[in-house]
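Below you'll find the structure, written out as structure tokens, and then a few comments.
Bear in mind the structure is a predicted one, so any value in this text is a computation, not a measurement. Per chain, numbering begins at 1; letters A, B, ... match sequence-line order.
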Number of protein chains: 4
Amino acid sequence: MHRGNRHGRSEQARLAVLQAADDLLVENGFARLTVEGIAQRAGVAKQTIYRWWPSKTDILFEALVTDAAEEITPPDTGDPTRDLVTHLCALARFLTASDAGAVFRALTAEGQHDPALAARLREEHLTGQRTRDRQLLERAVQRGDLPVTADLDTIVDRLVGPLYYRALITGQEITTEFVTDLVSATLKSA
Amino acid sequence: MHRGNRHGRSEQARLAVLQAADDLLVENGFARLTVEGIAQRAGVAKQTIYRWWPSKTDILFEALVTDAAEEITPPDTGDPTRDLVTHLCALARFLTASDAGAVFRALTAEGQHDPALAARLREEHLTGQRTRDRQLLERAVQRGDLPVTADLDTIVDRLVGPLYYRALITGQEITTEFVTDLVSATLKSA
Amino acid sequence: MHRGNRHGRSEQARLAVLQAADDLLVENGFARLTVEGIAQRAGVAKQTIYRWWPSKTDILFEALVTDAAEEITPPDTGDPTRDLVTHLCALARFLTASDAGAVFRALTAEGQHDPALAARLREEHLTGQRTRDRQLLERAVQRGDLPVTADLDTIVDRLVGPLYYRALITGQEITTEFVTDLVSATLKSA
Amino acid sequence: MHRGNRHGRSEQARLAVLQAADDLLVENGFARLTVEGIAQRAGVAKQTIYRWWPSKTDILFEALVTDAAEEITPPDTGDPTRDLVTHLCALARFLTASDAGAVFRALTAEGQHDPALAARLREEHLTGQRTRDRQLLERAVQRGDLPVTADLDTIVDRLVGPLYYRALITGQEITTEFVTDLVSATLKSA
DNA sequence: GTGTAAGCGAGACGGTACGTCCTGTCTTCCT
DNA sequence: AGGAAGACAGGACGTACCGTCTCGCTTACAC
């Protein structure tokens, strides 16, 4: 089980820690997520965690970046509007129902009182996410569903903002109908 | 300075605790906000805090409800669109720049891993806030700026969602222009 | 069980700690004596220990001073030589066979690399012990068994030195015969 | 500095370790003597230490045995009493003022809670030391300064006991006068 | 006007988790 | 093959707060 050598860390230990952190977060919530507990669950020494991750949020961070991209990569069926609805529904599912989404919510929460974490979250996750969101709008422009003059960034805000709002703030359900109406209204007004 | 008597709690202690909690949250962030610290800053015994508030989030909660309503009560100039822009700008300022907003962000963050807190936040703050938000739309309906068939709740989501998204998630600035465009596009498409 | 109040510490906790430290030292030896272990055995929080004792040696110290004096207070039968033998045998037993003696040996050991501890051990234990040792010699002087010119401090060294040497260094048994011979030879040569 | 070869252990590394252990013991005391620190000071890998010495006390042990004998080998001037005083003064100096003495004190201290170490210390150091001590007494017997019936082992105890006692327990200075008186009194009473 | 009871500041208590340090084992590379 | 490097599991360290408790003081109503 020991890997110890001069050329780098144990991949086994790294994955065990990420998995344990993910599991414990989902099981017990962020408040009860402790480095001590992660170490025990992962069968790893605390020092090994502190050696590679400055804090427990960094562990979650790594877990998030690893998982998120694949879960919410937009489809491309040739019908931008339909793809948009599909993609936003996937995003809603990610935010409300997936393990990675739980990690995202926890990190966003921490980011409220930790500007550095918030910044890192934007750089390493949100930027990529917005790029994926934009792709669909760019295809819509190409198809003529949106005017070339449209401010796509603002439109992204108008599309995903209500989803994040419902998922993180009000907790209202995000139905397909809600998404469909949101998309059609937003595209129409652009 | 002791109040000690058989008929009720010390208002002085209550206010000192709320103020201390608010200050320490803004100064040090939520992570470093401790009951121990609040007690010391407020010149109050820990037991006095535990006697009246189940947890430190309850202290913040009381501080929020006290402050929030007055900061974001919508105006009524007779011009619903203009009022809407004014109100949403005030909301944006509340979310990003006020002390009460910092408390709101902290509680929303905690609510991500504490469903009971999230529910309470909705009941005691968000519901009232959405009611205030809706009032403007109802006036717009009366003025004929919106069709009577419009689903006002959904429109509220589309209006405030992007603001919360920028304030809590991306951290992008919320300019008057952004709000103005958001309002006109949303009303147009409804 | 809790005492917590403004008028000082819990005597119960104090005694539990002293007893646990004493027991664990005898059972496992000094090397395996940990604050963690003492706290657990005593049913006390680590912080309670750190609050009242700067280090684990201080705990042992308190245990020693409490116990030692009564174990090795010299007798007075009117026969100084006999009393001397009795007393030195008691001292030998203390050094080699008693719990308090185990504590003494451990602290003396620590004192080898901690001058402050060594000094404190002298002040608070050894000085008293030597005073008790001297009393017998003073009585011997009064009886005429020793010349008034005798340097009693030096004689104490010659009497107890070999006992400490056997007990702490060579581990040889200290028989009554050895003590008897030591006393008679030492008194004769003084 | 690398020796890495196929022909047995590096004498260079061995000496560096012994020297480093000795230095660090004198500089920082036993409590702060760590295998990690010795390895770093000696420019040697931890594993090299663990390969050759079971524990850090074994390192000190080897250092002691190497140094001690030569420091306290008794002289032979033909005057046993004078030699005895000289030798005991050398012993006192060894115990209180030499580097090897510091190692001896540290090991004796450890021996208080480690019977195996204590036994080894007796076998490999103390036995030899006592033999050297005895030689002088045997010469004294040959010269007629001591009766042939004298129990030399007991006399050794009476001579060196007070020295160890002062050096390790009370910390009193060991003056030439003290030693001279001790020797004359002891020989007289034998 | 005295007695009683509730709220108060204070702070010790048993605990949990923190982040650091060192141990002794192990693996890999270099010589 | 020996030595250097260094990652690993384990576990004690001393610290910070947690939430509970008991204390002795200070009121102010109730008798």
Report task. Using a strict 4.0 Å threshold on nitrogen-to-oxygen distance, state whether A:Arg120 and A:Glu123 make a salt bridge. Result -> no

Report task. Measure from CD1 on B:Ile49 to P on E:dG7 and round the result to the nearest Å. Result -> 16 Å

Query raised in the report: Do C:Gln19 side-chain atoms and C:Ala42 backbone N/O form a donor-acceptor pair below 3.5 Å?
Result: no

**Report entry** Whichever of C:Gly37 and B:Lys56 has its nearest DNA chain F nucleotide further upstream toward 5'
**Finding:** C:Gly37

Query - Nearest-neighbour nucleotide for the B:Glu36 side chain, E:dG7, E:dT20, F:dC17 considered - result: F:dC17

Query raised in the report: 5'-most contact on DNA chain F: C:Thr34 or D:Ala45, nearest heavy atom basis?
Result: D:Ala45

Report task. Take atom CD of A:Gln40 and atom C1' of E:dT16, then tell me their distance rounded to the nearest Å. Result -> 13 Å

Query - C:Gln12 CD to F:dC21 P, straight-line distance once rounded to whole Å - result: 16 Å

Query raised in the report: To the nearest Å, how far apart are B:Trp53 CH2 and F:dG19 P?
Result: 15 Å

Report task. Give a yes/no verdict on a cation-pi contact between B:Arg9 and B:Trp52, requiring under 6.0 Å between NZ or CZ and the six-membered ring centre and an angle within 45° of the axis. Result -> yes

Query raised in the report: If we only count heavy atoms from C-beta on, is the A:Phe104 to B:Ile169 side-chain gap below 4.5 Å?
Result: yes

Query raised in the report: Where do C:Trp53 and C:Leu18 come nearest, in terms of heavy atoms and distance?
Result: CZ2-CD2, 4.1 Å

Query raised in the report: Counting only distance, no hydrogens or angles, is the base of E:dG15 paired donor-acceptor with the side chain of C:Lys46 under 3.5 Å?
Result: no

**Report entry** Separation of F:dA12 C1' from C:Leu24 CG (nearest whole Å)
**Finding:** 14 Å

**Report entry** Candidates F:dA7, F:dC13, E:dG19 - which lies nearest the side chain of A:Trp52
**Finding:** F:dA7

Report summary line: In whole angstroms, the gap separating C1' of F:dA9 from OH of A:Tyr50 amounts to 16 Å

Report task. Nearest-nucleotide wise, let me know which of C:Thr48 and A:Gln47 is further upstream toward the 5' end of DNA chain E. Result -> C:Thr48

**Report entry** Whichever of B:Gly43 and A:Arg32 has its nearest DNA chain E nucleotide further upstream toward 5'
**Finding:** B:Gly43

Query - C:Val35, nearest nucleotide to its side chain (from F:dC13, E:dG14, E:dG19) - result: F:dC13

**Report entry** Separation of E:dG7 C1' from B:Glu11 CD (nearest whole Å)
**Finding:** 14 Å

Requested in this report: Let me know the distance between CD1 of B:Ile59 and C1' of F:dG19, rounded to the nearest Å.
Outcome: 13 Å

Query raised in the report: When you measure from the side chain of D:Arg51, which nucleotide among E:dC8, F:dG3, F:dA9 comes out closest?
Result: F:dG3

